[in-house]
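Step one of this worksheet: look at the structure below.
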Number of protein chains: 2
Amino acid sequence: MEYIAHDADIAPVATLIADPTRAAMLTALLGGRALAAGELARISGVSAATASAHLARLLGGGLVDVVSQGRHRYYRLAGHEVAEVLEVLARMSARRPVRSLRQSRQAKLLEEARTCYDHLAGRAGVSLLDRLKEGGHYAAHDLTETGERLLTRLGVDVPDARRARRRFAPECLDWTERRSHLGGALGAAITTVLLERGWYRRGTTPRAVVLTDEGRRGLAELLPGKELTSHTPVT
Amino acid sequence: MEYIAHDADIAPVATLIADPTRAAMLTALLGGRALAAGELARISGVSAATASAHLARLLGGGLVDVVSQGRHRYYRLAGHEVAEVLEVLARMSARRPVRSLRQSRQAKLLEEARTCYDHLAGRAGVSLLDRLKEGGHYAAHDLTETGERLLTRLGVDVPDARRARRRFAPECLDWTERRSHLGGALGAAITTVLLERGWYRRGTTPRAVVLTDEGRRGLAELLPGKELTSHTPVT
DNA sequence: CCGACATTTCGCCCGGCGTCTAAGAGTCGT
DNA sequence: ACGACTCTTAGACGCCGGGCGAAATGTCGG
């Protein structure tokens, strides 16, 4: 009596992620924005033809979606399940050794504040969750009454986030900080509002976001406490 | 100004999982038990030489541990982080088409009850969590007072589980049922007790566990409600 | 000390996949 | 309608990595 593996077949999906070029593309897309094929080619450092082939495979494997706009084709992650896989893998993987000064600068930016598919991560994300907890706005994976009022005042549609099929307000382990930030439908909704309000804006490097002066003031008023990000400017 | 990916490098880990042979090995090890190199070779359907090469790579990549006992070398997953990656990937991956009758039988066994690295999964795991919730023993990712008493009576060292560095009692999305079962330190502790008591015993196929008559009686007494597993025997 | 068994190492073959250049298909602006 | 631009397809090349058998290493039992 021989046992033959017959579980869910994880190899095909892993294969799609395993190639360094595709991994770079997926990681870039983890920023949550849709990127054109050409941008992805440049980011991952291959020719347009090679990038196209990779994107076709990712598309076939259901890891990315595509939307055509004129002569551009914008690719994005197929859903937050894909983002979860990438985040879990990132958490397990050693930090890539920094090779250049520019890379070091970009790495610092990402550690400071970035989007994790559709919610805020990095030091900014971790300290936001910390302050929600300290203020008694969040406990046991849910908002408290004061938290619900606070976020509603900020402009977050909390009931709508509760209706979403994904988990409402899970803690998501941050791979740079190794502490939790806020994920799920609520994390996404808050991040959307923060970007709409211009409290954070997207940086030039994929995934990176930076706190604006407006955001600094607004958050200080909303959530008294330490700065949401370190004072030392990224040089 | 060119952007070059510099995030955590997820490709190497993905590469280790991407090979079908290694994926089969890792999936088998998800059962939580350490398996000898020879067993893993048989399970994944390759020669001992090939298996050895794969295991060396998995070892180098930190995905598995090894412990030598006599002329056997027992391999096991390096930690629950690895198990998490595999579970998340399994959740994303399509079910492998069933090819033979025996495979279908084994698949049914796994859907019924299996270990997910170190805690109970499948219909049994999902319905266990359901009943804990229904009985008011578990809410908001934590045990209630009655739940703590109940499990202590069963023989679970709850305070010890709370002290563990991993999360205490997270809900873990089941890839066959697509509903949550209990994971984390508490899930592991409960499962250990269930196996020690002989309420469940490990099946012949990796990962599979079956409810014993003792277990049926014990659980019915402990958690009144529907059967923990379906009545229809697996034929 | 020797034979049986588990595992690893070595040498070799081979297929698949990632890469590029060049050409084709589709889209926009003028 | 034409050229410029974006992206995909086609074809060819190179190489990494998985597969096996045979031999070496290590371990247990007598």
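So you know, we letter chains A, B, ... as the sequences are listed, proteins then strands, and number each from 1. Please read these numbers as outputs of a predicted model, since none were measured by experiment.
Rounded to an integer number of Å, the gap from A:Arg73 CZ to D:dT9 C1' is 13 Å. For the pair A:Arg57 CZ and D:dC7 P, the computed distance is 21 Å after rounding to whole Å. Atoms CG (A:Asp19) and P (D:dG17) sit 12 Å apart, rounded to a whole Å. If you measure from atom NE2 of B:His54 to atom C1' of D:dG19, you get 8 Å, rounded to the nearest angstrom. Atom pair B:Gln69:CD and C:dT7:P shows a separation of 12 Å (rounding to whole Å applied). Distance CE (B:Met25) to C1' (C:dT7): 12 Å, rounded to an integer number of Å. Look at CG on B:Leu40: it is 12 Å from C1' on C:dT7, rounded to the nearest Å. A:Arg22 places its CZ atom 8 Å from the P atom of C:dT19, with the value rounded to the nearest Å.
Backbone-only engagement by B:Ala36 is indicated by non-hydrogen atom pairs under 4.0 Å involving sugar-phosphate atoms exclusively. Contact annotation for B:Ala48: base contact, defined as any heavy-atom pair under 4.0 Å involving a base atom. Note on B:Ala49: a base of the nucleic acid sits closer than 4.0 angstrom, heavy atoms only. Heavy atoms of B:Tyr75 sit under 4.0 angstrom from primed sugar atoms or phosphate atoms, though from no base atom.
The closest side-chain heavy-atom distance from A:Met25 to A:His54 is below 4.5 Å. Considering only heavy atoms from C-beta on, A:His181 stays 4.5 Å or farther from A:Leu120 through its side chain. Taking the side chain as every heavy atom from C-beta outward, A:Arg57 and A:Asp19 never approach each other to under 4.5 Å. Counting heavy atoms from C-beta on, the side chains of B:Leu89 and B:Ile17 come closer than 4.5 Å.
Using a distance-only test at 3.5 Å, with no hydrogens or angles considered, a donor-acceptor pair links the side chain of B:Thr115 to the main chain of B:Gly31.
Listed candidates were C:dT19, C:dA6, D:dT8. Nearest to the side chain of B:His72 is C:dA6.
The side chain of B:Ser47 contributes an N or O atom lying less than 4.0 Å from OP1 or OP2 of D:dC20. For B:Thr50 and D:dC20, the shortest distance from a side-chain N or O to OP1 or OP2 is below 4.0 Å. Distances shown here put a side-chain N or O of B:Thr21 below 4.0 Å from the OP1 or OP2 atom of D:dG19.
Between the side chain of A:Arg71 and the base of D:dC5, a donor-acceptor pair under 3.5 Å is found.
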